[in-house]
Amino acid sequence: MFAMRTFLLSLALICALGVGAQPLTPSIIPQPLKTTQRQGVFTIAPTAHITYSEGLHDSADYLAEYLPLPTEPYRALREGDVVLMLNANLAHEEYTLDVSRNCIIMQGGSTAAIHNAIESLLQLLPAEVYAKQMALPQSVMQLRVEDKPHYAYRGFMLDVTRTWVSVDELKHFIEALAHHKINHLHLHLSDDEGWRIEILSHPELTAIGAYRGGDSPVMPRYGRWSEKYGGYYTQAQMRDIVAFAARRNIVIIPEIDLPGHSHNIARVKPDILCNYTPSLTSSAGYDTRGVFCVAKEDNYALLEDIFRELADIFPSPYIHIGGDEVSTSQWQHCPDCKALFEREGMTGYGELQSHFMMRVAAILEGLGKHSAVWNEAAEDGRMALSTRVHCWEGMKQARAILSKGYPTIIEAGEYFYFDMRQGPREGGHDWAGVFDARKTYFFLAERAQLEQSAGRVEGVEAAFFSEAYLSNRHQPYNFLYYQTYPRICALSEVAWSARGEWEEFYSRLVAHYQRMDNMGLSFRIFPPEVSYSEGVLTATNDDSTAIYYTTLGSDEEHLYTEPILTPKPYLYAFRSRTELGLSPEAGVPERFATSRPKVHITTSLPVSDKAPLSRAESYSAAARTTRAARSGDWVEYRFERAVVGTRRMEFHTGTPRMPRFILREGYVEVSSDGEHFTRVGDLHDGGIVLEGYAKPLKALRVVCTADANGASYCLIQPPVILPEM
């Protein structure tokens with residue numbers, strides 16, 4: 001105690017030197033609680049040391065990865081050193097960062113707090129520090145930061161199931177999360193498409209289930225239809241990843257999604273399914289079921305094997321067991337489930353899900369773990385109040401869960417699902433909206449309202465479900481980072497401290513661009529604004545990034561340096577760029593305009609009454625068939641008048657921007673008179689794009705040449721016609 005008092009007195013004397021305190025908000029994300037600037041700078045010399053108190057050896061080594069200095073245990077305060085010190089007077093993640101004329105001293109209530117202090121210090125240094133290429137000596141502004149987080153839980157959910165993410169890729173992603181003070185990584189390790197974690201007692205789960213396509217019993221989705229692909233983490237690799245994350249103040253929470261989203265394990269171990277023979281007519285003979293049978297005791301024995309091994313790998317007190325989007329129709333066909341339903345006196349088949357989830361939760365409790373679930377699993381209030389609930393469906397559902405007394409993580413799709421598109425012509429989903437980092441930042445208003453109501457909000461979490469990642473691997477940028485940054489910067493801000501206006505945050509975000517470049521993140525930049533008046537085409541942005549343009553029909557980029565005189569502004573498209581950052585294309589509205597010629601669509605496939613072909617004919621939405629396509633099936637688009645003068649035409653089956661529910665193989669033929677057809681190409685990911693098609697187009701026919709698509713239906717999209725300029 002005496003040594004601590006002596007140290008604190010020395011600190012106070014040193015920090016008093018040169019104090020001419022004035023408020024300052026340095027460019028730190030997330031914004032610290034309190035920052036006071038001092039006059040002058042401290043110079044980190046190459047002769048300095050990183051010294052640390054007991055228990056902070058790993059923290060010192062972590063800092064030394066970025067700050068090239070030797071480390072040694074703290075013995076006495078020396079001028080010029082960078083000091084890491086625990087302070088029992090500070091809370092768990094609370095820290096102070098003092099940069100004086102003579103030294104840098106970081107104090108924290110725990111190793112987690114010291115990590116937070118280190119991340120703030122790194123943001124005071126040149127951006128090259130993140131590439132681990134910063135040379136010394138280096139000057140740092142003199143200041144004092146006093147800081148702690150708003151939420152203890154600041155999370156991100158990464159789906160490594162739909163798209164396999166390698167060990168090195170995952171570690172890189174973890175590093176970036178740590179730099180933004182995200183302290184929980186929720187790993188989605190199982191779903192319909194794959195099983196990603198080795199289970200020694202059931203090696204077949206990864207030997208078979210980690211791969212799909214080729215000779216795998218699991219049909220491919222989202223592209224790569226002709227190859228076998230996938231991967232998994234061995235237990236040794238995952239233990240290394242867990243330790244890697246822990247050194248960066250990140251707890252990894254594993255998820256095995258149950259009882260639905262289990263198609264993959266059902267293909268590997270079909271005995272988990274309900275006891276009936278399904279009709280496979282609509283899926284061309286492929287069993288698409290993916291829900292655990294509730295009544296089979298062997299299923300609970302299997303899950304106990306799995307969770308026993310997971311409990312040993314992951315120190316997290318929570319394991320996520322899913323509970324979302326469960327179809328009860330399979331249970332209604334199962335004599336064993338119906339018998340259980342009647343025996344327990346249930347009144348609705350949703351109660352079977354509660355029965356299943358509580359059985360699994362009891363297994364976890366027996367292993368010393370608590371359950372985390374998606375909000376549907378807790379809607380009836382039957383799960384124990386020790387269950388942590390992740391609310392993904394929306395704020396209405398979040399308030400309902402909070403009213404039941406559950407510890408709650410806000411993960412509302414409209415703010416935090418980063419697989420959503422960020423603009424009208426960008427990749428990703430749109431069921432929760434089309435939004436960028438601004439919308440995530442504006443969660444602040446919801447946060448303020450939530451905290452006025454009863455309930456226990458433990459924190460916020462964003463998510464990236466990776467269906468679209470696989471089908472965007474061809475992009476010249478990393479789609480994962482493009483979708484998640486800078487939205488993760490906004491997530492960090494609202495989870496930690498955000499209390500200001502967008503404009504203030506945006507100014508810090510722009511200053512953060514160079515850091516993200518050095519972190520190796522292919523982040524998204526806001527698009528430039530384009531205007532056209534009196535023959536002058538102008539592109540501007542508010543972040544001082546370079547603007548480049550292309551002209552129609554050419555991919556060659558030119559640096560934009562001055563307004564362009566042109567009578568044809570629609571020929572130009574503009575993007576902002578940094579080294580790795582990239583904006584979507586911007587241009588005058590005519591550049592992206594489409595036409596909607598009258599079209600009549602017919603098909604050999606039966607079509608749903610709820611999603612008829614008229615939806616696609618009216619250009620409003622996709623039509624849905626009632627079975628998957630078989631070889632010989634066809635879809636025909638016949639225009640009322642022949643379409644002429646187009647620069648691009650697209651005809652797609654499946655979900656927008658993602659190859660699922662498609663005609664997976666086939667060819668396309670066209671006709672200028674509606675009678676005689678000529679083959680023009682093959683389907684690629686369920687569609688075809690015709691660039692600069694010069695002849696009149698009266699009709700286009702898609703002919704399927706393969707059975708099945710891994711689902712029980714297809715989607716037929718409206719045609720996309722871009723007229724010639």
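Values below: every heavy atom of this structure, side chains too, minus hydrogens, waters and symmetry copies.
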Between [Y] and [X], is the closest basic N to carboxylate O distance under 4.0 Å?
X    : Y    : answer
K171 : D240 : yes
R615 : E617 : no
R657 : E426 : no
E351 : R343 : no
E204 : K269 : yes
R382 : D380 : yes
E297 : R359 : yes
E304 : R308 : yes
K228 : D215 : yes
D298 : K296 : no

Rounded distance [0.5 Å steps], [atom1] in [X] versus [atom2] in [Y]:
X    : Y    : atom1 : atom2 : result
L491 : T484 : CG    : OG1   : 10.5 Å
I253 : L187 : CD1   : CG    : 9.5 Å
I409 : H320 : CD1   : NE2   : 9.5 Å
E342 : C337 : CD    : SG    : 11.5 Å
H684 : R664 : NE2   : CZ    : 15.0 Å
F464 : I488 : CZ    : CD1   : 10.0 Å

Shortest non-hydrogen contact from [X] to [Y]?
X    : Y    : result
A622 : Q717 : CB-NE2, 3.5 Å
L521 : A176 : CD2-CB, 3.9 Å
V218 : D192 : CG1-O, 4.4 Å
Y469 : N478 : OH-OD1, 3.3 Å
W331 : Q353 : CZ3-N, 3.6 Å
T653 : I662 : O-CG2, 3.3 Å

[Y] and [X] side chains, donor-acceptor separation under 3.5 Å:
X    : Y    : answer
E461 : H186 : yes
S166 : E169 : yes
S466 : D159 : yes

[X] versus [Y]: any side-chain heavy-atom pair under 4.5 Å?
X    : Y    : answer
Q483 : R524 : no
D257 : D324 : yes
C704 : S631 : no
L205 : I306 : yes
P719 : Y619 : yes
V702 : E669 : no
S262 : V291 : no
L700 : E636 : no

Check whether any side-chain N or O of [X] sits under 3.5 Å from a backbone N or O of [Y] as a donor-acceptor pair, and report yes or no.
X    : Y    : answer
E198 : Q235 : yes
S216 : G214 : no
R221 : R660 : no
H474 : S471 : yes

Just checking [X] against [Y], ring centres under 6.0 Å apart?
X    : Y    : result
Y300 : F356 : yes
F661 : Y713 : yes
Y481 : F173 : yes

Which donor-acceptor pairs under 3.5 Å do the side chains of residues 276-286 make with protein atoms, sequence neighbours left out?
unit_1: S279; atom_1: OG; unit_2: T281; atom_2: OG1; d: 3.4
unit_1: S283; atom_1: OG; unit_2: L280; atom_2: O; d: 3.4
unit_1: S283; atom_1: OG; unit_2: Y286; atom_2: O; d: 2.5
unit_1: Y286; atom_1: OH; unit_2: M219; atom_2: N; d: 3.0
unit_1: Y286; atom_1: OH; unit_2: H263; atom_2: NE2; d: 2.8

Which donor-acceptor pairs under 3.5 Å do side chains of residues 368-375 form with protein atoms, sequence neighbours excluded?
unit_1: K369; atom_1: NZ; unit_2: F314; atom_2: O; d: 2.8
unit_1: K369; atom_1: NZ; unit_2: P315; atom_2: O; d: 3.4
unit_1: K369; atom_1: NZ; unit_2: S316; atom_2: O; d: 2.6
unit_1: H370; atom_1: ND1; unit_2: E365; atom_2: OE2; d: 3.0
unit_1: W374; atom_1: NE1; unit_2: E255; atom_2: OE2; d: 2.9
unit_1: N375; atom_1: OD1; unit_2: W392; atom_2: N; d: 3.0
unit_1: N375; atom_1: OD1; unit_2: E393; atom_2: N; d: 3.4
unit_1: N375; atom_1: ND2; unit_2: E393; atom_2: OE1; d: 2.7

Between [X] and [Y], is NZ or CZ placed under 6.0 angstrom from the six-membered ring centre and within 45° of the ring axis?
X    : Y    : answer
R701 : Y637 : no
R248 : F244 : yes
R487 : F435 : yes

Pick one: which of W195, Y232, Y233 meets ring pair (Phe, Tyr, Trp, His ring centres under 6.0 Å) with W164?
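Single pass found, and it is Y233.
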
Side chains of residues 415-422: which donor-acceptor partners sit under 3.5 Å, not counting sequence neighbours?
unit_1: Y415; atom_1: OH; unit_2: E446; atom_2: OE2; d: 3.2
unit_1: D419; atom_1: OD1; unit_2: F465; atom_2: N; d: 3.4
unit_1: R421; atom_1: NH1; unit_2: P424; atom_2: O; d: 2.8
unit_1: R421; atom_1: NH2; unit_2: D430; atom_2: OD2; d: 2.6
unit_1: Q422; atom_1: NE2; unit_2: Y482; atom_2: O; d: 3.0

When Y222 is tested against each of R162, E193, R212 for side-chain hydrogen bond (donor to acceptor under 3.5 Å, both in side chains), which residue passes?
E193

One pair to check against side-chain contact (heavy atoms from CB on, under 4.5 Å): N709 and L663. What are the steps and the verdict?
CA-CA 7 Å; N709 62 0; L663 276 66; over 6 Å; no

Would you sort out whether S604 and D633 count as a side chain to side chain donor-acceptor pair (under 3.5 Å), showing the intermediate values?
CA-CA 6 Å; S604 61; D633 278 321; 2.7 Å; yes

Stepwise, does the side-chain contact (heavy atoms from CB on, under 4.5 Å) test hold for R196 with D191?
CA-CA 9 Å; R196 300 297 181 209; D191 211 297; over 6 Å; no

Under the criterion ring pair (Phe, Tyr, Trp, His ring centres under 6.0 Å), I'd like the reasoning laid out for F341 against Y349: C-alpha separation, chi angles, the key distance, then a yes or no.
CA-CA 7 Å; F341 179 87; Y349 274 88; 4.2 Å; yes

